[in-house]
Amino acid sequence: MNTRRTISPDADPEEVVLDRALRPQRLDDLIGQNRVRENLRILIEASRQREEALEHVLFYGPPGLGKTTLAHIIAREMDASIRVTAGPSIERAGDLAAILSNLHEKEVLFIDECHRLGKAVEEILYPAMEDFALDLVIGQGPGARSVRLSLPNFTVVGATTRLALLSAPLRTRFGAVHRLDFYDQADLEQIVERAARAIHVPLRDGGREEIARRGRGTPRVALRILRRVRDYAQVRADGVITAAIAREALSLLEIDRRGLDDLDRRVLHAIITKFAGGPVGLDTIAASIGEAADTIMDVVEPYLLQLGFIERTPRGRTATQLAYDHLGLDDDRIEQRRLFDA
């Protein structure tokens with residue numbers, strides 16, 4: 001997946017240290033996701049009153065919305081340590097067994113991209129989550145025997161961008177499942193304002209609003225845009241970010257007023273100009289613009305759907321009137337398709 005786009009919601013390794021410094025540390029510091037925040041507050045307070053480990057929690061939704069941040073917040077609110085891993089990095093059942101056997105009471109195990117856990121690995125995880133036990137097979141052949149080891153009560157926090165790919169047995173073992181939604185403009189403005197103060201960048205005359213407007217409803221994207229605009233303001237202006245400076249910087253980065261970049265526009269143009277507005281299949285769109293289908297599905301499509309620029313139908317993706325208006329294209333093809341479908 002291409003993670004070098006300025007508006008990509010995937011984490012860039014070079015940004016990890018700065019992003020960690022800007023993350024909220026407690027639930028009270030969290031901006032947005034009000035429904036999830038209040039549900040977690042109740043869940044955490046109840047567990048603390050009972051002096052029990054927190055139930056297993058699953059977060060799902062597009063990348064960049066704060067699933068990792070929430071996992072760390074949960075650990076802090078529970079006064080517990082956290083161990084971080086990812087589905088693709090746990091290749092063998094023995095790898096997970098080693099992690100589980102070293103957990104402590106009430107510790108949080110955060111598994112990112114948990115939909116990519118292998119079947120053999122999941123088989124080890126099931127009894128660990130349900131019974132806090134680790135089932136091991138010692139020896140081979142007729143002499144093999146099964147041994148069950150007790151584990152301390154711990155909490156699994158899972159994160160996934162593809163809930164549909166998570167196996168049903170694993171999904172049902174999470175006691176709390178929460179979807180993270182895109183952030184609204186007001187919440188993003190607060191996030192940008194707080195980050196600007198943290199990195200000592202002055203925002204004036206609509207600079208905050210201009211950055212938040214193009215943040216695609218995703219804090220990670222908004223913060224990345226803030227850093228790029230900061231660089232532009234430092235080199236081309238007096239270091240102060242105003243709406244005019246933000247527009248100049250974002251124009252140079254080819255990010256338009258709705259937060260769409262070149263890849264987003266190429267997807268829309270392909271649907272409209274190459275396939276008469278659709279419907280067209282995802283793989284066909286990907287082949288026509290030379291991008292991976294997973295990139296379009298995970299990174300491009302969620303935001304275009306949120307904006308109402310495309311629709312998913314049983315026959316494929318179609319461009320809406322809003323997409324035509326945004327690109328300034330004639331909508332004759334939409335009318336022609338309606339007549340044809342009729």
Side-chain angles (χ1 to χ4, degrees), residues 1 10-11 13 16 20 40 43-44 47-48 50-61 63 66-178 180 294 298:
M1 183 180 293
D10 296 294
V16 169
R20 188 181 297 123
L40 286 178
L43 189 67
I44 290 169
S47 297
R48 293 179 66 174
R50 293 192 300 265
E51 297 183 351
E52 297 175 351
L54 192 72
E55 275 193 277
H56 306 303
V57 182
L58 175 66
F59 297 117
Y60 71 98
K67 294 184 284 293
T68 300
T69 296
L70 282 169
H72 284 83
I73 287 176
I74 285 174
R76 290 188 185 92
E77 294 287 354
M78 292 296 296
D79 296 322
S81 57
I82 183 171
R83 190 163 304 197
V84 179
T85 187
S89 65
I90 307 176
E91 299 179 351
R92 298 179 298 274
D95 298 335
L96 180 60
I99 294 173
L100 294 174
S101 61
N102 285 289
L103 291 175
H104 300 99
E105 190 74 19
K106 298 183 182 179
E107 190 168 8
V108 174
L109 173 62
F110 175 56
I111 306 177
D112 199 9
E113 298 183 83
C114 57
H115 63 275
R116 296 178 63 181
L117 288 170
K119 183 62 66 176
V121 174
E122 284 191 11
E123 294 294 336
I124 293 290
L125 192 57
Y126 295 156
M129 293 177 67
E130 195 164 19
D131 303 323
F132 299 105
L134 183 60
D135 292 328
L136 299 176
V137 177
I138 300 176
Q140 296 180 345
R145 59 192 179 92
S146 178
V147 176
R148 170 164 282 207
L149 302 178
S150 296
L151 296 173
N153 289 1
F154 65 96
T155 300
V156 174
V157 177
T160 177
T161 57
R162 307 281 291 275
L163 183 66
L165 297 184
L166 204 66
S167 68
L170 180 57
R171 188 166 60 245
T172 57
R173 281 169 170 81
F174 287 98
V177 179
H178 297 294
L180 300 188
D294 284 347
D298 294 337

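What you are looking at is a predicted structure, and each value in this text was computed from that prediction instead of being measured.
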Review point. Checking Arg171 side chain against Leu166 main chain: does a donor-acceptor pair fall under 3.5 Å?
Key: yes
Looking only at heavy atoms, the pair that brings Ala53 and Ser47 closest together is O-OG, 4.2 Å
| request: Apply side-chain contact (heavy atoms from CB on, under 4.5 Å) to the pair His115 and Leu170, showing each step before the final yes or no. | output: CA-CA 9 Å; His115 63 275; Leu170 180 57; over 6 Å; no
- Message: Walk me through whether Val108 and Met78 qualify under side-chain contact (heavy atoms from CB on, under 4.5 Å).
- Response: CA-CA 9 Å; Val108 174; Met78 292 296 296; 5.5 Å; no
With a 4.0 Å cut-off on N to O distance, would you call Lys67 and Asp112 a salt bridge? no
Find out whether Asp95 and Thr85 are in side-chain contact, i.e. whether some heavy atom of one side chain is under 4.5 Å from a heavy atom of the other.
no
Worksheet item: Is the shortest heavy-atom distance from the side chain of Ile111 to the side chain of Leu125 under 4.5 Å?
Response: yes
For Phe110 and Ala159 the tightest heavy-atom approach is CE1-CB, 3.6 Å
Quick note, salt bridge (Lys or Arg N to Asp or Glu O under 4.0 Å) partners involving residues 119-129, not counting sequence neighbours, are none
task = Give a yes or no on this: more than 12 heavy atoms of other residues, nucleotides or ligands lie within 6.0 Å of atom CD of Glu51.
result = no
CG (Leu163) and CG (Leu165) are apart, to the nearest 0.5 Å, by 9.0 Å
- Query: Between Arg162 and Asp298, is there a donor-acceptor pair closer than 3.5 Å when you use the side chain of the first and the backbone of the second?
  - Reply: no
Rounded to the nearest 0.5 angstrom, the OG-CZ distance for Ser89 and Arg116 is 9.5 Å
All heavy atoms of Glu107 vs all of His104, minimum pair found to be OE1-N, 2.8 Å
Nearest heavy-atom approach of Glu55 to Leu43 is OE1-CD1, 3.8 Å
One should read off an interatomic distance between Ser101 OG and Leu149 CG, to the nearest 0.5 angstrom, of 8.0 Å
Taken to the nearest 0.5 Å, the spacing of Ile44 CD1 from Asp79 CG works out to 10.5 Å
> Taking the side chain as C-beta and beyond, is there a heavy-atom pair between Thr68 and Val84 under 4.5 Å?
Replying inline: no
Interatomic distance, OH@Tyr126 vs CD1@Ile124, rounded to 0.5 Å, equals 11.5 Å
From the list Leu40, Thr155, Asn153, side chain to side chain contact (heavy atoms under 4.5 Å, CB included) with Leu54 holds only for Thr155
(request) Answer whether the closest heavy-atom distance between the side chains of Leu109 and Leu100 falls below 4.5 Å. (result) yes
Residues Val156 and Met129: closest non-hydrogen pair is CG2-CG, 3.9 Å
Could you check whether the rings of His56 and Phe154 sit parallel, tilted or perpendicular, using 30° and 60° as the cut-offs?
tilted
**OP:** Check whether any side-chain heavy atom of Ile90 sits under 4.5 Å from a side-chain heavy atom of Leu117, and report yes or no.
**Re:** yes
Here the gap from Tyr60 atom OH to Thr161 atom OG1, rounded to the nearest 0.5 Å, amounts to 12.5 Å
Minimal heavy-atom distance between Cys114 and Thr160, with the atoms involved, is SG-CB, 4.1 Å
